[in-house]
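Before any comments, here is the structure.
All values below come from the heavy atoms of this structure, side chains included, with hydrogens, waters and symmetry mates left out.
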Number of protein chains: 4
Amino acid sequence: WEGEFFPNVSTIKYEGPSSRNPLAYRWYNAEQVILGKKMKDWLRFSVAFWHSFRGDGGDPFGSPTRRWPWDDGTNSLEMAKIRMRANFEFLEKLGVEYWCFHDRDIAPEGATLQESNRNLDKLVALAKRLQEGTNIRPLWGTAQLFKHPRYMHGAATSPDVKVFAYAAAQVKKTMEVTHELGGENYVFWGGREGYQTLLNTDMKKELDHMGSFLKAAAAWKKKIGFEGTLLLEPKPQEPTKHQYDWDAATTISFLQKYGLLGDFKLNIECNHATLAGHSCVHELEVARINGVLGNIDANTGDAQTGWDTDQFLTNTEEATLIMLTVIKNGGLAPGGFNFDAKLRRESIDVEDLFIAHILGMDTLARGLVNAAKLYEDGVLSNLVNSRYGSFDSEIGAQIEAGTADFETLEKYAFEWGEPAITSGKQELAEMILHSYT
Amino acid sequence: WEGEFFPNVSTIKYEGPSSRNPLAYRWYNAEQVILGKKMKDWLRFSVAFWHSFRGDGGDPFGSPTRRWPWDDGTNSLEMAKIRMRANFEFLEKLGVEYWCFHDRDIAPEGATLQESNRNLDKLVALAKRLQEGTNIRPLWGTAQLFKHPRYMHGAATSPDVKVFAYAAAQVKKTMEVTHELGGENYVFWGGREGYQTLLNTDMKKELDHMGSFLKAAAAWKKKIGFEGTLLLEPKPQEPTKHQYDWDAATTISFLQKYGLLGDFKLNIECNHATLAGHSCVHELEVARINGVLGNIDANTGDAQTGWDTDQFLTNTEEATLIMLTVIKNGGLAPGGFNFDAKLRRESIDVEDLFIAHILGMDTLARGLVNAAKLYEDGVLSNLVNSRYGSFDSEIGAQIEAGTADFETLEKYAFEWGEPAITSGKQELAEMILHSYT
Amino acid sequence: WEGEFFPNVSTIKYEGPSSRNPLAYRWYNAEQVILGKKMKDWLRFSVAFWHSFRGDGGDPFGSPTRRWPWDDGTNSLEMAKIRMRANFEFLEKLGVEYWCFHDRDIAPEGATLQESNRNLDKLVALAKRLQEGTNIRPLWGTAQLFKHPRYMHGAATSPDVKVFAYAAAQVKKTMEVTHELGGENYVFWGGREGYQTLLNTDMKKELDHMGSFLKAAAAWKKKIGFEGTLLLEPKPQEPTKHQYDWDAATTISFLQKYGLLGDFKLNIECNHATLAGHSCVHELEVARINGVLGNIDANTGDAQTGWDTDQFLTNTEEATLIMLTVIKNGGLAPGGFNFDAKLRRESIDVEDLFIAHILGMDTLARGLVNAAKLYEDGVLSNLVNSRYGSFDSEIGAQIEAGTADFETLEKYAFEWGEPAITSGKQELAEMILHSYT
Amino acid sequence: WEGEFFPNVSTIKYEGPSSRNPLAYRWYNAEQVILGKKMKDWLRFSVAFWHSFRGDGGDPFGSPTRRWPWDDGTNSLEMAKIRMRANFEFLEKLGVEYWCFHDRDIAPEGATLQESNRNLDKLVALAKRLQEGTNIRPLWGTAQLFKHPRYMHGAATSPDVKVFAYAAAQVKKTMEVTHELGGENYVFWGGREGYQTLLNTDMKKELDHMGSFLKAAAAWKKKIGFEGTLLLEPKPQEPTKHQYDWDAATTISFLQKYGLLGDFKLNIECNHATLAGHSCVHELEVARINGVLGNIDANTGDAQTGWDTDQFLTNTEEATLIMLTVIKNGGLAPGGFNFDAKLRRESIDVEDLFIAHILGMDTLARGLVNAAKLYEDGVLSNLVNSRYGSFDSEIGAQIEAGTADFETLEKYAFEWGEPAITSGKQELAEMILHSYT
């Protein structure tokens, strides 16, 4: 493939909210300063290589529908290089400085692990060269431990020790190349770390193995001097019936049990949150208040659909709440917002790839603008803080210090009598949110 | 109320599987020995006072439908005593030795906390007298911290310190009376420990308060010499939008964070499990392998319904799987099976109360018989164990000891080459289960 | 109760989007003309008597939390009259011209049906007097056929013929008084028309009875000269496990089967839509394209909650889509938007009742403004229409006329060869929507 | 491929419930007479060609895991013939007389429609030859209108008239070959007849087109003298966000609207039922009481999973209820039970294919044995019938005839006074079911 990949698309520019140009930003203005930081530094957007350059529109009931003009559909090394070049042109035209990848997305699996590694090295060398002279680098890399049949029973939780070892070797290598490319994080999505039925599963053994695997991963990171964050990505189910990293709380529970809490943070995906029965913001907040909010996979699901649809986020209110949490977290760096979001099966134009990313970026940028105003004005946080005002007292302090015993508390209860009840003001809080979005 | 409460029902007897008598046991044979223990010691059934003697069939769209013949519908002390006597006649006729209660179910709330405590003392004295000369005692007691408006924003997680103190006083007292009655456990169901909207909530503060509350509860237990188990009961939502004790993993995560893991176990309710998106057995197994399976609230939900229906369990296969976990756990004692299950709103005959409990007991007894055979024959456990056979090796042992590093594992991976894949045998495992049920 | 009910609240005024006054409209400007019609005529807002004046915050796990200052909590005739007066003051201060009621909300159930009817007459007389000199009238009335224990097995679908007759008498009377008050519609929500278990149910018989009941209702309407629309309100479940009017399509199927399609339209409730697995707009569109969109119960559910939460609508995008359907429908008259929405259990201030309604009204008004622009600009409808352009052809016309046979179609297929595929442009459509909201 | 396909498996025999042989029937005894009909005539089992001979274990996150020994993974004509021969050996060894197919499963898609038709003819000729001298024939055939990209926006509901024509030609041909092979039914599963977003969809137009398409199909059936039943197969969603044949009631509504109710029946799939929020038995009963229960796709979903898992049915209670409906329906002929069920991705042994089908067949056979006893003893039906006894009265008859008016009913209501309430006896009904399973 010679020449440009997207000859009909120029660099995407900011044109402001009133623009009706689908190939322009209406809200995302990279250099605009919000609460003392540039938009691009709050948002740290990343393109997911797999969705954008390997996604073909196939689904469980249908063949692929989409093939980019430069793509011959093969898994050759040559084709891999072409795709990598397309990725960089896309990033540049979009004005995005991060990308994310699985080892097997960017380079073909070889006949042996050794050959796979060599293939990977070639693509990494190309990517490194393409990165030169730009600000572009990986937000994170990850090993694909779910697609190949060898991983059908899991990787770190496979009942076969050979598969465990294979997976370890694959993560080892992928962490090395992520480091080499200047990647800022490394992600573990345990796509098949779970079970299909408890009838054939020893859950305790599998979790112990997973703990051991991640311990070795954390040690390897130190050994090679990689300073990026290691991230676990919760998802409740799909492809397996039950995935061990079900949601943020479950994953934190696992990290605590296996003594890994200091070594890992979480990559929260909104569509995974809702599949687990939570709002996206709930999952973000659980991660934030436990000090493990590391990265956001920015997408959304269909509200009525029971599987992962990985759609681009479009809801302004949701984006506002997400950005409010990010502001409270002081940003996400070294993490960011990765668009783990894919075009609909029926969207087959090259232009659609731009439109979808612009829509996702604009939605979050608009959310940031709203959230910053909400944060600065403090109307909502005042409402919250005043609700807990009674804990700003001596006994409140003892409670928060964990020193208030039942006898003391009973004495107060007898003394105070029946507490008066006060409104929770939910509708007022909703009105405030509505007036800022 | 004079005389018998259930004059038309005699003591329920075991008549065997072919019986068509709705007022007889077909599977539950209390003294029958299974795997070296009596059925009644495996099952340790308990009647829930609130459902059986305070349930009135009311629902969010309808008035009460049911009033037992002896009940005048008031919340007087006299009526409370009559209900307690009915409870004991019911337990005796059913042949069940445990009962569970909330403080406010058995005794009326007074004008002050002090008066409520005095009311409670009177009912406890009566219950103690009725227990004399029987083997009957509470499986557990618990404080009702969700019904009164003062708890509308939570109890331990209320934003009002006065409510926190009130709740502490109530738990203090209920733990004392549970102890006095010889109760074997004490349960915390955090009915409103959660939030309706994150917009008005400081989740971190609320969780910190809950941690402090439970720490004080554990200390109080030691102080009064109560040796029963303290149990947390996970539920994902309802009445609140999000309850902090969402599921077993979340609750374990909380206990770990606040240093309470040695002090608490879990009370798993099947209907709560399915509302959280898990099978009942999943939740039981998560609790079991973390060493915190303390008690089971034996009920089931409607498979298509998004709220707690608290139905009596009737599915043989599910009961078999539940009992298999209980066998692996070596039983539940000092916990047991509490029927946190209620008659349908439309079931208004006294006879229905017996039928429902007999059905629930028979289902679990049948499950026990099946599970014991499955366990003894070992067909299913052999299938499971052989799947993990490759870990019975040197490197497997290193992995399980947490000492296998990535370099060693990579060496093995290179050496072993592509692992062969083997069938997971799920259908065979299902066939085995089917042939034992 | 003497004097004003809401002494601290003046008539709510429009202050525009930048207002931060919670007791003012930011979007709802009743007299503002949109697409040739006043906002108030597009929206035809109605207050639900039951939620606003009988709702007490009780839930399945908790006692009532809320009692308005004028309410003594009794079900006396005197109290009923006070509540009715409060209703009218609320309507006037809010600037809303419609209200909706159940017979038993506004007047107490008597010892006999005859007495209940007399009670109802008294309250109707009062309401009629209060309506005088105002533009206020009922959007609709309805009979409460789900709360009293006699209806525990259903009303028109009760297995007891006496209950069927009782329900008929109650509907007869309620339709009469709705007519007398100048009500513009009459609603049937089949709260317990369904089953709890198929094991004890003859579904065919119950549906036949329901058909017969509604046939008699339609006849009665004609007999008394009531010209309002009869409306069925679909809901999938709750309180029953399965409600016969599951969703719009199911209800239409029922109407067709029993020959009632010309006599009834639908009252679509958004929260019911999502509980049935549909988006609100889907249900509205199903009703619209079948010519039976009669009224909207404007509320929303919690996206993660499996029961009816009846919250006030706050999402701008959803409101925009709802209003787009309403515009396509040429409005809803004689139907309108009834706020079948309730304050959260924890919202106990009189002020909250205003805030919640203002929020709901502003959300829909804002949706109307957005939808009107979207409709006028035609960007989205052009995208849709162009997708179907190929049917503007001879064979397309034959297909739409139902005259194209398989042989003709096969001939075309052979001739045309493989069709080219074109993008569905979903992300572009979402971007358009986003840029109008 | 020469010789046997399953050399290690002999014809599966009935060995009775106590057998532990996974390759024997424990309940299915083909010639055993139940309620006057042979088991095989009640059950009319069918193997689904696509799952058994084209299923490869691939899922949205993973490559294929399974390739049968005789399969080279290509889509050649030669390979197609080998697969067809394997199918017949499988049917014979299993002792099953029906099979189901899509046109494109059994024969490769050609470069043109004409070539595809020629390919199909070759495989049909082979199947016909293999059927000779056996009782084997298709339970039904169907056209695959969802896999090829041309159908990505639907087939009969595609916005492109060329796709509509192509689909018509494909159905025309598939109906012809089904007829030629002696198929007893023809099925329409509208895999992509629905929408992904209402934003780009004209739902009314699409439904009109679908009505026209099916009208032409019914005409074609008559024209070619095919006497099999035409069946629509409801499914709520997946692959699309909303499928027009959402559930039984929705599909019936569609058939009524377009005047097709006499020409079509339904093919109910259990997993589709639960995805729509219904129990399988609910969907079967809706079809039965509307006279359109034509065929059952016998499978089950995972109770906690929000997508189609197509598992083999294993639950005895569910099978008992399914068979009770089939008995009430007088059987399913000319329909039957098609195993639209697939091996788990991880089940890769040839033996697993037998085990899975045996398990599914045994589960339904056991259900039949239970249901027949339940039906004959009449305990449950007596309970149901007695509940509706009050309608065996003059006014009851008028109601059921649709002649009871509101004035008459009101007169009765006044006369009868308050109806007594009686228990719904749900727990008793559940106990009865439990004692028969």
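Shortest non-hydrogen contact noted between B:Glu407 and A:Lys172 is CG-CE, 3.8 Å. What you find for B:Gly154 and B:Val163 is that their closest heavy atoms are O-CG1, 3.5 Å. Across all their heavy atoms, A:Glu238 and A:Lys235 have their closest contact at O-NZ, 2.8 Å. Closest approach of A:Val281 and A:Ile322 over heavy atoms only: CG2-N, 4.1 Å. For the residue pair B:Gly194 and B:Thr240, the shortest heavy atom distance occurs at CA-OG1, 4.2 Å.
Residue B:Thr408: no heavy atom, backbone or side chain, is found under 4.5 Å from chain A. Looking at A:Lys215, the atoms closer than 4.5 Å to chain B (heavy atoms on both sides) all sit in the side chain, from C-beta outward. Residue A:Ala276 touches chain B through its backbone alone, counting heavy-atom pairs closer than 4.5 Å. Heavy-atom distances place no part of B:Leu261 under 4.5 Å from chain A, backbone and side chain included. Heavy atoms closer than 4.5 Å to chain B are found in the side chain of A:Glu206, but not in its backbone. In this structure, chain A has no heavy atom under 4.5 Å from any part of B:Ser386. With a threshold of 4.5 angstrom between heavy atoms, B:Phe254 does not approach chain A through any atom at all. B:Leu275 does not touch chain A: none of its heavy atoms, backbone or side chain, sits under 4.5 Å away. Proximity to chain A is absent for every atom of B:Asp208, based on heavy atoms less than 4.5 angstrom apart. When heavy atoms are compared at a cutoff of 4.5 Å, A:Asn117 approaches chain B solely by way of its side chain, counted from C-beta outward. Only the side chain of B:Lys205 comes within less than 4.5 Å of a heavy atom of chain A; its backbone N, CA, C and O stay farther away. The contact between A:Leu433 and chain B is made entirely by side chain atoms (from C-beta outward), counting heavy-atom distances below 4.5 Å. Only the side chain of A:His148 comes within contact range of chain B, with heavy atoms under 4.5 Å apart. With a threshold of 4.5 angstrom between heavy atoms, B:Ala167 does not approach chain A through any atom at all. Contact annotation for B:Thr250: both backbone and side-chain heavy atoms come within less than 4.5 Å of a heavy atom of chain A. With a 4.5 Å cut-off on non-hydrogen atoms, A:Ala420 touches chain B through its backbone but not through its side chain. Heavy atoms closer than 4.5 Å to chain B are found in both the backbone and the side chain of A:Ile399. With a 4.5 angstrom heavy-atom cutoff, A:Thr201 touches chain B via backbone and side-chain atoms both. Contacts of A:Glu415 with chain B are absent, with no heavy-atom separation under 4.5 Å from either backbone or side chain. A:Thr325 does not touch chain B: none of its heavy atoms, backbone or side chain, sits under 4.5 Å away. In this structure, the portions of A:Phe213 lying under 4.5 Å from any heavy atom of chain B include both its backbone and its side chain. Only the backbone of A:Ala404 comes within less than 4.5 Å of a heavy atom in chain B; its side chain stays farther off.
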Report the C-alpha separation of B:Ser253 and A:Gln256 in whole Å, then their side-chain angles, then the decisive distance to 0.1 Å, and conclude whether the side-chain contact (heavy atoms from CB on, under 4.5 Å) test is met. CA-CA 7 Å; B:Ser253 172; A:Gln256 285 171 312; 3.5 Å; yes

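Top candidate by heavy-atom pairs under 4.5 Å with chain B, chosen from A:Tyr258, A:Phe414, A:Tyr166, is A:Phe414. Among the candidates B:Gly417, B:Ser390, B:Gly396, B:Pro149, the residue making the largest number of heavy-atom pairs closer than 4.5 Å to chain A is B:Ser390. Looking only at heavy-atom pairs under 4.5 Å with chain B, the residue among A:Asp247, A:Ile432, A:Asn290, A:Leu324 that has the most is A:Asn290. Contact count against chain A (heavy-atom pairs under 4.5 Å) is highest for B:His153 among B:Gln170, B:Lys425, B:Gln196, B:His153. Note on A:Leu383, A:Leu198, A:Leu113, A:Asp202: by heavy-atom pairs under 4.5 Å with chain B, the leading option is A:Asp202. Contacts with chain A were tallied for B:Gly211, B:Ala248, B:Ala216; B:Ala216 has the most, counting heavy-atom pairs under 4.5 Å. Chain B forms more heavy-atom pairs under 4.5 Å with one residue of A:Lys223, A:His242, A:Lys173, A:Gln398 than with any other, namely A:His242. Of the listed residues A:Thr112, A:Asp160, A:Ile421, the one with more heavy-atom pairs under 4.5 angstrom with chain B than any other is A:Asp160. Contact count against chain A (heavy-atom pairs under 4.5 Å) is highest for B:His209 among B:Gln426, B:Arg150, B:Met175, B:His209. Between chain A and the options B:Leu409, B:Leu255, B:Ile289, B:Asn200, heavy-atom pairs under 4.5 Å are most frequent for B:Asn200. Your options are B:Gly402, B:Pro159, B:Ala111, and the one with the most heavy-atom pairs under 4.5 Å with chain A is B:Pro159. Interface summary for chain B: among A:Arg288, A:His278, A:Lys241, the most heavy-atom pairs under 4.5 angstrom belong to A:His278.
The structure places CD of A:Glu427 at 10.0 Å from OG1 of B:Thr197, a figure rounded to the nearest 0.5 Å. The CG atom of A:Asn329 sits 4.5 Å away from atom CG of A:Leu293, with the distance rounded to the nearest 0.5 Å.
Using cut-offs of 30° and 60° for the angle between ring planes, the A:Phe406 and B:Trp220 rings count as tilted.
Remark: the backbone N or O of B:His434 is paired with a side-chain donor or acceptor of B:Thr437 at under 3.5 angstrom.
Residues A:Tyr436 and A:Thr320 fail the side-chain proximity criterion, which asks for heavy atoms closer than 4.5 Å.
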